[in-house]
There are 4 protein chains.
Amino acid sequence: MTRPEEGAFRPFEYPLLIRESHLDTFGHVNNAKYLEIFEEARWELITANGFGKKEIEATGLGPVIVKVTLEFKREVRNRERVTVRSVCLDYPGLLGRIEQCMLREDGQLACRGEFLFGLWDLSRRRLVSPTPQWLKAVGHREP
Amino acid sequence: MTRPEEGAFRPFEYPLLIRESHLDTFGHVNNAKYLEIFEEARWELITANGFGKKEIEATGLGPVIVKVTLEFKREVRNRERVTVRSVCLDYPGLLGRIEQCMLREDGQLACRGEFLFGLWDLSRRRLVSPTPQWLKAVGHREP
Amino acid sequence: MTRPEEGAFRPFEYPLLIRESHLDTFGHVNNAKYLEIFEEARWELITANGFGKKEIEATGLGPVIVKVTLEFKREVRNRERVTVRSVCLDYPGLLGRIEQCMLREDGQLACRGEFLFGLWDLSRRRLVSPTPQWLKAVGHREP
Amino acid sequence: MTRPEEGAFRPFEYPLLIRESHLDTFGHVNNAKYLEIFEEARWELITANGFGKKEIEATGLGPVIVKVTLEFKREVRNRERVTVRSVCLDYPGLLGRIEQCMLREDGQLACRGEFLFGLWDLSRRRLVSPTPQWLKAVGHREP
């Protein structure tokens, strides 16, 4: 049995500085901002793997999120340097799962997200099977 | 057996117009915006029930979200009028659960969120038991 | 000599509640939020006058902002009800000017914005003369 | 006669990648996002010069914007690397002026902002004269 990191999908790390604009009126990173940060990290992931906004527009195929689970474990503070570690856990059929962990500088887990997602045909408005190019985008190792 | 609506907590409805500013570059309401909208609806809920930002600052006690689950069921479109229906499902100990459903004009479910939350002591940085004022804020019916 | 309100363009009023999400970490409505609010009010204006997102996409013509001036006069507070009053001052050639005033409940001016704008051909990427439909959108009175 | 760059205040450069989250539903960086980006650059400037959020909270003194002028010159596109160059132009009395230019990779000016600002006493709610620490924060060269 292998851990996901040792599996079929390559993890991707995205370092980020928590800024004043991430904070709400109570001085905390609020829950919607975590989703924005995780989305930013997923854009980095797929763009780095050759399937960014340009390719989405060219192919008419783009990611769609079906379900999100977020667990908030520890606070992060202003000017803290965090790392978002994203790894696709599996992608057995029409839907895959990606895990995103926000890690503090001391390595402790601040927030864990799990996203059930698929590939969306933008004109026909329905889920389609992952293309090889899209599997590569979410980190699938070359065969 | 009663449904939550018939239970100990009063549901709260918040009507909202989907606007251009809710849309991302693909013309969709993106997932972080749903969390912003649900948070906006929770502020309305607790403010209407007498425990808004002012009372949070006065008491040093405020809500904290521990876990979020979001399920995206149907697309909503620009200028669509939606309703967010929020109801506390239960609050047995330190943590309660609130369900938020975004309903389209035709009554169909667009998105369902479930939030595990608690009351946070802002100075001592820890969860505390719900006060009567806070239970009222999340819709608990008068005894 | 007439004041702008008595002139060729009809003013448009957009009432708005200042919410927790408008506040930054210092509890103030920060300057970027004023621009978001003014943009929201301009979307209401042109949508109410029959030239919203749908018509922009159908015609391939949409508004573009060339210059913005914002003057911050008085603070607005959380849960304050404000009104954004928008009126086109003039539109002599390729460019028009729209004034937007955020007024507090007591009628005092919180913020004044002035926007130099034009109509943009989205495919040819250049300014075009205002069409009759667009002049109507920004409040031009019927002839 | 000296240009501002050769004057009493040091310019500050903040490099930035234009991301998907900066784009609105028409695929453009919209005008409120420019203000967010300029604010982010000013936070970098004052934090790098020793007067960030922590110092604002400790002293009870923070920046306040009185007037903003933005001129939009050229479009920036997704994934473009831009630089925000900020320089204080002058600070003769209670109010100073800071100029912020967003430059594209080819060196061309995308957007120019000019901000009239002051130092705000957060408890007494009024403008105060710049302290030496604050003058240093906005780039004043050591005497």
Side-chain angles (χ1 to χ4, degrees), chain B residues 12-30 32-65 75-81 84 86 100 113 115 117 120 122 137-138, chain C residues 12-30 32-65 75-81 84 86 100 113 115 117 120 122 137-138:
Chain B
F12 180 83
E13 300 210 338
Y14 175 59
L16 183 93
L17 177 66
I18 300 297
R19 294 173 186 285
E20 293 72 17
S21 57
H22 292 119
L23 308 181
D24 65 12
T25 182
F26 293 105
H28 305 132
V29 181
N30 104 334
K33 286 289 175 189
Y34 284 93
L35 268 194
E36 289 183 24
I37 290 170
F38 283 150
E39 178 162 22
E40 194 172 304
R42 294 195 309 274
W43 276 113
E44 290 301 310
L45 164 67
I46 64 175
T47 303
N49 286 331
F51 201 103
K53 182 171 184 285
K54 206 180 290 182
E55 288 76 17
I56 292 173
E57 288 165 349
T59 59
L61 301 173
V64 67
I65 303 287
E75 285 186 285
V76 287
R77 292 166 196 281
N78 189 35
R79 294 280 147 186
E80 201 166 339
R81 287 185 187 282
V84 178
S86 306
Q100 298 190 280
F115 298 80
F117 71 97
W120 186 250
L122 293 161
V138 295
Chain C
F12 179 83
E13 299 210 339
Y14 175 59
L16 184 93
L17 178 65
I18 299 298
R19 294 173 186 286
E20 293 72 17
S21 57
H22 291 119
L23 308 181
D24 64 14
T25 182
F26 293 105
H28 305 134
V29 181
N30 103 336
K33 286 289 177 191
Y34 284 93
L35 267 194
E36 288 182 24
I37 290 170
F38 282 151
E39 177 163 21
E40 195 172 305
R42 293 194 310 274
W43 275 113
E44 290 301 310
L45 163 69
I46 64 175
T47 302
N49 286 332
F51 200 104
K53 181 169 183 287
K54 206 179 290 181
E55 288 75 18
I56 291 172
E57 287 165 350
T59 59
L61 301 173
V64 66
I65 302 288
E75 284 185 285
V76 287
R77 291 166 196 280
N78 189 35
R79 294 281 146 184
E80 199 166 340
R81 287 185 188 280
V84 178
S86 306
Q100 298 190 280
F115 298 80
F117 71 98
W120 185 251
L122 292 161
V138 295

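By convention in this document, chain letters (A, B, ...) are assigned in the order of the sequence lines, proteins followed by strands, and residues within each chain are numbered from 1.
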Evaluate the side-chain contact (heavy atoms from CB on, under 4.5 Å) criterion for residues B/Leu122 and B/Leu61: first the C-alpha distance (whole Å), next the side-chain angles of each, then the deciding distance (0.1 Å), finally the verdict. CA-CA 6 Å; B/Leu122 293 161; B/Leu61 301 173; over 6 Å; no
Nearest heavy-atom neighbours spanning [X] and [Y]:
X: B/Ile37; Y: B/Leu16; result: CG2-CD2, 3.5 Å
X: B/Phe12; Y: B/Ala48; result: CE1-CB, 3.9 Å
X: B/Ile56; Y: B/Gly62; result: CG2-CA, 3.9 Å

Would C/Leu35 and C/Phe115 count as a side-chain contact (heavy atoms from CB on, under 4.5 Å) if you check the C-alpha gap in whole Å, the side-chain angles of each, and the deciding distance to 0.1 Å? CA-CA 10 Å; C/Leu35 267 194; C/Phe115 298 80; 3.6 Å; yes
Are there donor-acceptor pairs under 3.5 Å across chain C and chain B? List atom names and distances.
| residue | atom | partner | partner atom | Å |
| --- | --- | --- | --- | --- |
| C/Tyr14 | OH | B/Arg19 | NH1 | 3.4 |
| C/Tyr14 | OH | B/Arg19 | NH2 | 3.0 |
| C/Arg19 | NH1 | B/Tyr14 | OH | 3.4 |
| C/Arg19 | NH1 | B/Glu44 | OE2 | 2.3 |
| C/Arg19 | NH2 | B/Tyr14 | OH | 3.0 |
| C/Glu44 | OE2 | B/Arg19 | NH1 | 2.3 |
| C/Glu44 | OE2 | B/Arg79 | NH1 | 2.9 |
| C/Glu44 | OE2 | B/Arg79 | NH2 | 3.0 |
| C/Arg79 | NH1 | B/Glu44 | OE2 | 2.9 |
| C/Arg79 | NH2 | B/Glu44 | OE2 | 2.9 |

Applying ring pair (Phe, Tyr, Trp, His ring centres under 6.0 Å), name anything that partners C/Phe117, two or more places apart in sequence or on another chain.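 With neighbours one apart ignored, the set is C/Tyr91.
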